[in-house]
Undergrad: 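So that we are looking at the same thing, I have put the structure below in structure tokens.
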Amino acid sequence: MYLTQDETEALLGRSLTNIEINNFTLYQQIATTRLEDLLCRTLEDVLRDLSATELPLDLKLVLARLFGCLTAENNAEIGVESKRVEDFDISYNQNINNIYALTVQANSQTILKYAKCCNIRSGKTLLQDIKYYDNIR
């Protein structure tokens, strides 16, 4: 584990919820996997390359934010932002499904600093696009 509960709270700037505390290890594993996917390498490789025993503070901050992103995603009320009965009008929140994307974008400089992704900054690969899996069943 790369962050303690106390470090996670400090970096998020808030106390952890009961759900986060009860599932701390699971949330950390998911956040770690997401960060490693973004970096195109394991955090152990990062530590080895830096000859360090713990993550640099900027990477710890990204990891904590990815941890907090899980709670935000779980608490998001997906869909309707506003309704109007007469003349039937519904507005949808376009950003609600992009909490993870917004978190990645906000931390892109740090991610790029440690990434080993062959300088690919955007676009989808075969493995990221579900349409390529339609024929596999």
Side-chain angles (χ1 to χ4, degrees):
M1 199 157 344
Y2 298 98
L3 287 176
T4 65
Q5 286 187 19
D6 290 339
E7 286 176 315
T8 304
E9 285 181 335
L11 292 169
L12 289 176
R14 63 170 175 81
S15 297
L16 297 181
T17 66
N18 287 335
I19 293 172
E20 289 171 331
I21 292 169
N22 292 336
N23 297 291
F24 186 78
T25 301
L26 177 63
Y27 275 38
Q28 277 294 317
Q29 289 171 342
I30 294 168
T32 299
T33 299
R34 284 180 164 186
L35 182 55
E36 289 176 340
D37 288 347
L38 292 167
L39 297 176
C40 302
R41 62 183 179 152
T42 67
L43 294 181
E44 287 300 317
D45 289 340
V46 173
L47 291 174
R48 191 172 22 262
D49 287 351
L50 297 173
S51 300
T53 56
E54 69 178 68
L55 292 178
L57 290 177
D58 55 352
L59 265 184
K60 283 187 175 187
L61 178 59
V62 175
L63 187 58
R65 287 176 175 168
L66 289 171
F67 179 100
C69 182
L70 291 169
T71 298
E73 289 172 325
N74 289 337
N75 290 333
E77 292 184 21
I78 297 174
V80 178
E81 186 176 82
S82 66
K83 297 179 187 179
R84 190 174 67 194
V85 176
E86 291 184 34
D87 296 327
F88 191 75
D89 185 21
I90 299 176
S91 298
Y92 290 93
N93 186 337
Q94 299 299 316
N95 294 323
I96 202 76
N97 292 325
N98 296 321
I99 295 168
Y100 175 72
L102 293 172
T103 302
V104 171
Q105 182 181 19
N107 295 281
S108 62
Q109 290 301 316
T110 302
I111 292 166
L112 288 173
K113 179 178 175 181
Y114 297 99
K116 296 285 184 182
C117 299
C118 303
N119 295 325
I120 297 173
R121 294 183 64 163
S122 63
K124 289 188 176 183
T125 67
L126 176 70
L127 297 176
Q128 293 172 316
D129 198 332
I130 194 67
K131 73 179 180 183
Y132 293 108
Y133 294 100
D134 288 344
N135 296 327
I136 301 173
R137 292 196 185 161

Undergrad: State which residues pass salt bridge (charged side-chain N to carboxylate O under 4.0 Å, His left out) with R34; sequence neighbours excluded, sorted by chain then number.
TA: E73
Undergrad: Applying ring pair (Phe, Tyr, Trp, His ring centres under 6.0 Å) as the test, list every pair that has at least one member in residues 35-54; sequence neighbours left out.
TA: none
Undergrad: Nearest 0.5 angstrom please: I111 CD1 to L39 CG, how far?
TA: 7.0 Å
Undergrad: Following the transitive rule for hydrophobic clusters with a side-chain heavy-atom cut-off under 4.5 Å over Ile, Leu, Val, Met, Phe, Trp and Tyr, establish whether V104 and L55 coincide in one cluster.
TA: yes
Undergrad: Excluding sequence neighbours, so at least two apart, what forms salt bridge (charged side-chain N to carboxylate O under 4.0 Å, His left out) with D45?
TA: R48
Undergrad: Can you run down the disulfide (SG to SG under 2.5 Å) pairs that involve residues 25-63, sequence neighbours left out, and say none if there aren't any?
TA: C40-C117
Undergrad: As an exercise, state the distance from NZ of K116 to OG1 of T42, rounded to the nearest 0.5 Å.
TA: 12.0 Å
Undergrad: side-chain contact (heavy atoms from CB on, under 4.5 Å) between Q105 and L102: does it pass, once the steps are laid out?
TA: CA-CA 5 Å; Q105 182 181 19; L102 293 172; 4.0 Å; yes
Undergrad: Determine which pairs satisfy ring pair (Phe, Tyr, Trp, His ring centres under 6.0 Å) with at least one residue from residues 18-53, sequence neighbours left out, and list them in order.
TA: F24-F67, Y27-F67
Undergrad: With sequence neighbours excluded, what pairs up with E36 under the side chain to side chain donor-acceptor pair (under 3.5 Å) test?
TA: none
Undergrad: Would you mind listing every ring pair (Phe, Tyr, Trp, His ring centres under 6.0 Å) that reaches into residues 28-60, with sequence neighbours excluded?
TA: none
Undergrad: Hey, could you give me the CD/CG distance between Q28 and L70, rounded to the nearest 0.5 Å?
TA: 9.5 Å
Undergrad: Under a 4.5 Å side-chain heavy-atom rule over Ile, Leu, Val, Met, Phe, Trp and Tyr, are L26 and L43 clustered together?
TA: no
Undergrad: Could you list the residues that satisfy side chain to side chain donor-acceptor pair (under 3.5 Å) with D58, not counting sequence neighbours?
TA: K113, Y114
Undergrad: Would you say N107 and L66 make side-chain contact, with heavy atoms under 4.5 Å?
TA: no
Undergrad: With clusters defined by side-chain heavy atoms of hydrophobic residues (ILVMFWY) lying less than 4.5 Å apart, directly or transitively, does I19 cluster with L3?
TA: no
Undergrad: Roughly how far, to the nearest 0.5 Å, is CG of N23 from CG of N18?
TA: 10.5 Å
Undergrad: Test L16 against T71 for side-chain contact (heavy atoms from CB on, under 4.5 Å), laying out the working first.
TA: CA-CA 10 Å; L16 297 181; T71 298; over 6 Å; no
Undergrad: With rounding to the nearest 0.5 angstrom, report the CG to OG1 distance, D37 to T32.
TA: 11.0 Å
Undergrad: With sequence neighbours left out, what residues match E44 under side chain to side chain donor-acceptor pair (under 3.5 Å)?
TA: Y2
Undergrad: Which residue pairs satisfy the salt bridge (Lys or Arg N to Asp or Glu O under 4.0 Å) criterion with at least one member in residues 5-24, sequence neighbours excluded?
TA: E7-K60, R14-E20
Undergrad: Over all heavy atoms of both residues, which pair between V62 and L35 is shortest? Give the atoms and the distance, please.
TA: CG1-CD1, 3.7 Å
Undergrad: For side-chain contact (heavy atoms from CB on, under 4.5 Å), just list the numbers for T110 and L61, CA-CA rounded to whole Å, side-chain angles, deciding distance to a tenth of an Å, and then say yes or no.
TA: CA-CA 9 Å; T110 302; L61 178 59; over 6 Å; no
Undergrad: Partners of T53 by side-chain contact (heavy atoms from CB on, under 4.5 Å), sequence neighbours excluded?
TA: none
Undergrad: Is there a path of hydrophobic side-chain contacts, each under 4.5 Å between heavy atoms, that joins L57 and L11?
TA: no
